[in-house]
S.K.: 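Just dropping this structure here.
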2 protein chains.
Amino acid sequence: MPDTLAGDVGFRLARAGGAAIRNLNRALARHGLRSRQYTVLVAAAETPGRSQRGLGELLGVDPSAVVAIVDDLERDGLVRREAHPVDRRTRLVVATDAGRARLVEIAGSVGEVDAALLGDLDAGERATLLDLLGRLALD
Amino acid sequence: MPDTLAGDVGFRLARAGGAAIRNLNRALARHGLRSRQYTVLVAAAETPGRSQRGLGELLGVDPSAVVAIVDDLERDGLVRREAHPVDRRTRLVVATDAGRARLVEIAGSVGEVDAALLGDLDAGERATLLDLLGRLALD
DNA sequence: TATTGTTATACTCTATAACTATA
DNA sequence: TATAGTTATAGAGTATAACAATA
């Protein structure tokens, strides 16, 4: 007996996640960013000096993809790669002033996307959703 | 001031959705299906006689992609396209006996994926998560 | 005129393997 | 031996436009 799609958490997560990415990409389009570049930029601004490997783990992105994303962001002057103080293999990704400024410009659009997605959930329900999502065993 | 990633519902949804798809694909690999084909097959088995357009809307998949997915499933004998009784433009997608049998074979693997993903959430929390996900405004 | 399915196409994303330089 | 970053590449997913048949 097959599961019903509507009652399958995995299905709904995949559906909602896809919608969230699409909505975000639509909002970011006029700011010259894609959702993956945006999340890397946010992570770099919020916790400066993460390694590329660390960024990949945090965001669920393959290390080889992180290279391309950071390349794009660096080309646009939004982040820069710095040397690790002791380990010469790793490169630390840091948001530039321009990068942080870009995030400020974008914040409104991103906020609208989230607000639209969350629709009629009240503050308590949003917190509950966030908590439950955080307790899932990803990968 | 940028949002923190950890507190962003959209980010967590995208992350969890991606993980759900990856886990499902891993489990389906030995059954010769991908997650998108699986969801179409489930939908066809659960509500027989949906139009391809209807399937696309239900699953959040572009109509042109539905064509390719149904092509694959039909080639493997898991679904068939039937004529709509009155509208000769639309083609109804119906799971075959083989398709339903395949779903039965797969059910165990899929169940494990969901169980692993949901980790330590109890029944009430799962129901809450499902409810909250269902109330999001997708697209 | 609008809609369903279809084809073609381009772009993005994902995943793997192999290489280099370091550790 | 193992790890960080990188490159190359192939395959899957996404999105758009255009067309034929039908409504």
Side-chain angles (χ1 to χ4, degrees), chain A residues 11 14-15 17-29 32-40 44 49-75 79-94 138-139, chain B residues 14-15 17-26 28-29 32-40 44 49-75 79-94 138-139:
Chain A
F11 167 71
R15 187 98 172 64
I21 290 174
R22 273 192 296 277
N23 294 343
L24 183 57
N25 276 332
R26 210 176 301 139
L28 291 175
L33 286 176
R34 309 275 312 167
S35 62
R36 298 185 335 148
Q37 301 168 322
Y38 169 75
T39 56
V40 167
R50 267 186 205 278
S51 69
Q52 297 187 187
R53 219 84 185 184
L55 283 171
E57 280 171 28
L58 173 69
L59 305 173
V61 174
D62 193 85
S64 66
V66 175
V67 174
I69 296 171
V70 173
D71 279 351
D72 288 343
L73 291 172
E74 197 171 40
R75 189 179 315 115
V79 304
R80 63 172 176 277
R81 289 187 239 237
E82 295 186 351
H84 187 286
V86 302
D87 187 335
R88 283 171 26 204
R89 292 173 305 180
T90 92
R91 315 184 67 179
L92 304 180
V93 180
V94 181
L138 308 186
D139 293 282
Chain B
R15 188 99 171 64
I21 290 174
R22 272 192 297 277
N23 295 342
L24 183 57
N25 276 332
R26 211 176 298 139
L28 291 175
L33 286 176
R34 308 277 311 167
S35 63
R36 301 186 332 148
Q37 300 168 324
Y38 170 76
T39 55
V40 167
R50 267 185 206 278
S51 71
Q52 296 188 187
R53 220 83 185 184
L55 283 171
E57 280 172 28
L58 174 69
L59 305 173
V61 175
D62 193 86
S64 67
V66 175
V67 174
I69 296 171
V70 173
D71 280 351
D72 289 343
L73 291 172
E74 197 170 40
R75 190 180 315 115
V79 304
R80 61 171 176 278
R81 288 187 239 237
E82 295 186 352
H84 187 285
V86 302
D87 187 335
R88 283 171 26 202
R89 291 173 306 180
T90 92
R91 314 184 66 181
L92 304 180
V93 180
V94 181
L138 309 185
D139 292 281

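Here is how names work: the chains are called A, B, and so on, in the same order as the sequence lines, proteins then strands, and each is numbered from 1. Computed from heavy atoms alone, side chains included, the values below leave out hydrogens, waters and symmetry copies.
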S.K.: If I take atom CZ in residue A:R22 and atom P in nucleotide C:dC13, what distance separates them, rounded to the nearest angstrom?
M.R.: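 A:R22 atom CZ is separated from C:dC13 atom P by 13 Å.
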S.K.: Do you know which two heavy atoms are closest between A:S51 and A:T90, and how far apart they sit?
M.R.: CB-CB, 4.5 Å
S.K.: According to a strict under-4.0 Å criterion, is B:R91 in side-chain N/O contact with OP1 or OP2 of C:dG5?
M.R.: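 B:R91 to C:dG5 OP1/OP2: no side-chain N or O under 4.0 Å.
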S.K.: Could you tell me the separation between the CG atom of B:L24 and the P atom of C:dA15, rounded to a whole number of Å?
M.R.: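 Taking CG of B:L24 and P of C:dA15, I get 13 Å after rounding.
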S.K.: Would you indicate whether the side-chain heavy atoms of B:L92 and B:P85 approach each other to under 4.5 Å?
M.R.: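 With C-beta onward as the side chain, the pair touches.
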S.K.: In whole angstrom, give the distance that lies between atom CZ of B:R26 and atom P of D:dA12.
M.R.: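 Those two atoms, CZ and P, are 16 Å apart.
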S.K.: A:V70 and side chain to side chain contact (heavy atoms under 4.5 Å, CB included): which single residue from A:R80, A:R81, A:R91, A:R75 fits?
M.R.: A:R81
S.K.: Roughly, in whole Å, what's the span from CZ in B:R50 to P in C:dG5?
M.R.: 13 Å
S.K.: Pull out every protein N or O sitting under 3.5 Å from an N or O of nucleotides 16-21 of chain C, one pair per line with the distance.
M.R.:
{"unit_1": "C:dT16", "atom_1": "O4", "unit_2": "A:S64", "atom_2": "OG", "d": "2.8"}

S.K.: Just how far is it from atom CG of A:L33 to atom OH of A:Y38, taken to the nearest 0.5 Å?
M.R.: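 The CG atom of A:L33 sits 9.5 Å away from the OH atom of A:Y38.
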S.K.: Are any of the side-chain nitrogens in A:R15 or B:D139 under 4.0 Å away from the carboxylate oxygens of its partner?
M.R.: yes
S.K.: With side-chain contact (heavy atoms from CB on, under 4.5 Å) as the test, would you mind laying out the steps for B:V40 and B:L59 before giving the verdict?
M.R.: CA-CA 8 Å; B:V40 167; B:L59 305 173; 3.4 Å; yes
S.K.: Rounded off to whole Å, could you give me the CG-to-P distance for the B:D87 and C:dT3 pair?
M.R.: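 Roughly 12 Å, once rounded to whole Å.
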S.K.: Nearest to the side chain of A:Q52 - C:dT22, D:dG5, D:dT7?
M.R.: D:dG5
S.K.: For A:I69 and C:dA15, what is the distance between atoms CD1 and C1' respectively, to the nearest whole Å?
M.R.: 14 Å
S.K.: Identify the pairs formed between an N or O of the protein and an N or O of nucleotides 10-12 of chain C at a distance under 3.5 Å, and give each distance.
M.R.:
{"unit_1": "C:dT12", "atom_1": "O3'", "unit_2": "A:R34", "atom_2": "NH2", "d": "3.4"}

S.K.: In terms of the nearest nucleotide of DNA chain C, which residue is placed more toward the 5' end: A:V86 or A:I21?
M.R.: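 Between the two, 5'-proximity favours A:I21.
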S.K.: In whole angstroms, how far is the P atom of C:dT4 from the CD atom of B:E82?
M.R.: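 Rounded to whole Å, this separation is 19 Å.
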S.K.: Ignoring backbone atoms, establish whether B:R81 has a side-chain N or O less than 4.0 Å from OP1 or OP2 of C:dG5.
M.R.: no
S.K.: In whole Å, I'd like the distance from the CD atom of A:Q37 to the P atom of C:dT14.
M.R.: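 After rounding, the reported distance stands at 12 Å.
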S.K.: Say you draw a straight line from CD of B:Q52 to OG of B:S64; how long is it, rounded to the nearest 0.5 Å?
M.R.: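 So the CD of B:Q52 and the OG of B:S64 are separated by 11.0 Å.
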S.K.: When you measure from the side chain of A:Q37 to the backbone N and O of A:R34, does any donor-acceptor pair fall under 3.5 Å?
M.R.: yes
S.K.: Please check: side-chain N/O of B:E82 versus main-chain N/O of B:G49, any donor-acceptor pairing under 3.5 Å?
M.R.: no
